[in-house]
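Have a look at the structure below, then the notes.
Note that these values count all heavy atoms, side chains included, but never hydrogens, waters or copies made by symmetry. Throughout, a chain's letter reflects where its sequence line sits, starting with A, and its residues are numbered from 1.
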2 protein chains.
Amino acid sequence: MPYDPSAFPPFAVTVDLVVLTVRRDALCALVVRRGEQPYQGRWALPGGFVRADEDLTGAAARELVEETGLCVHDPHSPAPDNGAHLEQLATYGDPKRDPRMRVVSVAHLALAPDLPAPRAGGDANSARWAPVETLLGQEGGARGEEQSGQLAFDHTQILADGVERARSKIEYSSLATAFCPPEFTVGELRRVYEAVWGVALDPRNFHRKVTGTPGFLVPAGGTTTRQGGRPAQLFRAGGATLLNPPMLRPEV
Amino acid sequence: MPYDPSAFPPFAVTVDLVVLTVRRDALCALVVRRGEQPYQGRWALPGGFVRADEDLTGAAARELVEETGLCVHDPHSPAPDNGAHLEQLATYGDPKRDPRMRVVSVAHLALAPDLPAPRAGGDANSARWAPVETLLGQEGGARGEEQSGQLAFDHTQILADGVERARSKIEYSSLATAFCPPEFTVGELRRVYEAVWGVALDPRNFHRKVTGTPGFLVPAGGTTTRQGGRPAQLFRAGGATLLNPPMLRPEV
DNA sequence: TGAATAGTGTCTTTAAGACATTATAGT
DNA sequence: ACTATAATGTCTTAAAGACACTATTCA
């Protein structure tokens, strides 16, 4: 169908953000408390309207800065800026997803290194990092309700989709480094994989794998840091974005 | 930001479809000729407005039926219906992508077996299957202009994204069977892979791989068909959706 | 000294890639 | 007989998984 520009149903278009980081060996997502109806007082993913002159990715990047102060990492920049990775996730447009009106939300996925503390946006009462395991209630039985219940709107589904995207994408890309500071050790990178996948990995096979994959890691010169135990070499993310062969998630 | 339902920028939301099939050993996409401005007379991807009470996937499925007569395959149905695979691809919302107004398009990817002939929708002068190689102008030099130039709007980009999605997804999923009729031979499935990837595969290793992957193919009882040469066994798509280990695309 | 982590090496198993060979149809 | 495709088998090589062992720091 061609468009009739004068007669189209009225839509609002928003962006919602699944911002993931690894804190204390757990995969965590940024959630903000809603200050208004509907779902007042419930936790929700950060997000907001797309402005009239704004690109979708631009709107997501703007929201990310407003909520976290994070700049978006330029994939073509050689400098190890402390920016986050940002990509479009999926679009959610069920007619009843917002009780007030027809809202289509273009969800984005952001991966960031561990941050000091979330700064609440102007409109949210508060913001925090919460383990995705808690938010998704994969505990199963008793204590699923432990933190004011489910996320607002369809945000539990959006979060689940974002987490699954992150889990599968670190298999065949170098995206796991987006969870690390500019310089990191092999052990830190391994703990990222373990936190995101929720499994234990063999440190020796992991070391062989990541250092043997061309373009994944480059030595950062500086040779040591501490985490307890023998000092480890520091690395930066290499130029490769696609890993070949890929990292393999155990338990298949 | 919370929404102010009374003050939001006016958006139109559409769905565009990348419908792919394999004909005569070439990956082809469905394109329709535009009957109106802008880009009048140019080829474009089929698509149209999302209606007020309609889900995004529902809108895409409706457009698919209107343009091709194809029903959407129910992934949970055991019956080998002749339906197509449909999934959301990505959303395109550059403020200038439509010169008339702000249009956000939720692109979908559909994979279908070879069809008799495209039926033009009510609003398009005509519709046809065109090799994606031609549409994307990957020929490089001389004869890129051979068919009224580029696609309308940003549809060349959308098509390229859809093709890349299909190419990568048949690696680790059983989606290639969506290009085949309900019953097919190993050779036919191999020619699908060869057409989508544009490479030649070793028939012997391919046969061992697909028949050895659990849940990928199940014998259809009926044991033969012709394509010249010795009769081949007929198979149906098995229950597996994710292939483990995956098919590997050569030339890395 | 003991505990903790880093880094390297070895062996086995799985599976991909490169072939050869036989089987069954049409012409 | 000749050709085309189907189906199975063998050998080699790459890489994952399961370990053992040494190195270097801190408490």
Within the structure provided, determine whether B:Glu133 and B:Leu135 are in side-chain contact (heavy-atom separation under 4.5 Å). no
Please tell me if the side chains of B:Leu159 and B:Leu151 come closer than 4.5 Å, counting only heavy atoms from C-beta onward.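 Of all side-chain heavy-atom pairs linking B:Leu151 with B:Leu159, at least one is under 4.5 Å.
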What I want to find out is whether B:Arg249 reaches B:Glu164 closely enough, with some N-O distance under 4.0 Å, to be called a salt bridge.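 Result for this pair is yes, salt bridge flagged.
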Walking along DNA chain C from 5' to 3', note the first and the last nucleotide with an atom under 4.0 Å from a heavy atom of chain A, and give both.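 Terminal contacting nucleotides, 5' to 3': C:dA4 to C:dT10.
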If you assign B:Leu234 and A:Gly228 each to the DNA chain D nucleotide with the nearest heavy atom, which residue ends up on the more 5' nucleotide?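 The residue closer to the strand's 5' end, by nearest nucleotide, is B:Leu234.
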With nearest nucleotide decided by heavy atoms, which residue, A:Pro246 or B:Glu188, maps closer to the 5′ end of DNA chain D? B:Glu188
If you assign each of B:Leu248 and A:Arg230 to its closest nucleotide in DNA chain C, which residue comes earlier from the 5' end? A:Arg230
Looking at CG of B:Leu70 and CG of B:Leu64, how far apart are the two atoms once the value is rounded to the nearest 0.5 Å?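 The CG atom of B:Leu70 sits 5.0 Å away from the CG atom of B:Leu64.
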Just by distance, no angles: are the side chains of [X] and [Y] close enough, under 3.5 Å, to form a donor-acceptor pair?
X        : Y        : answer
B:Tyr92  : B:Asp161 : yes
B:Asp114 : B:Thr21  : no
B:His85  : B:Glu87  : yes

How many whole angstroms separate atom CD of B:Gln233 from atom C1' of D:dT5? 14 Å
Does any residue of residues 197-220 of chain A have a heavy atom under 4.0 Å from DNA chain C, and if so, which ones, in number order?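 Of all residues in residues 197-220 of chain A, the ones placing a heavy atom under 4.0 Å from DNA chain C are A:Arg204, A:His207, A:Arg208.
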Applying ring-ring contact (aromatic ring centres under 6.0 Å, His included), name anything that partners B:Tyr193, two or more places apart in sequence or on another chain. B:Trp197, B:Phe206
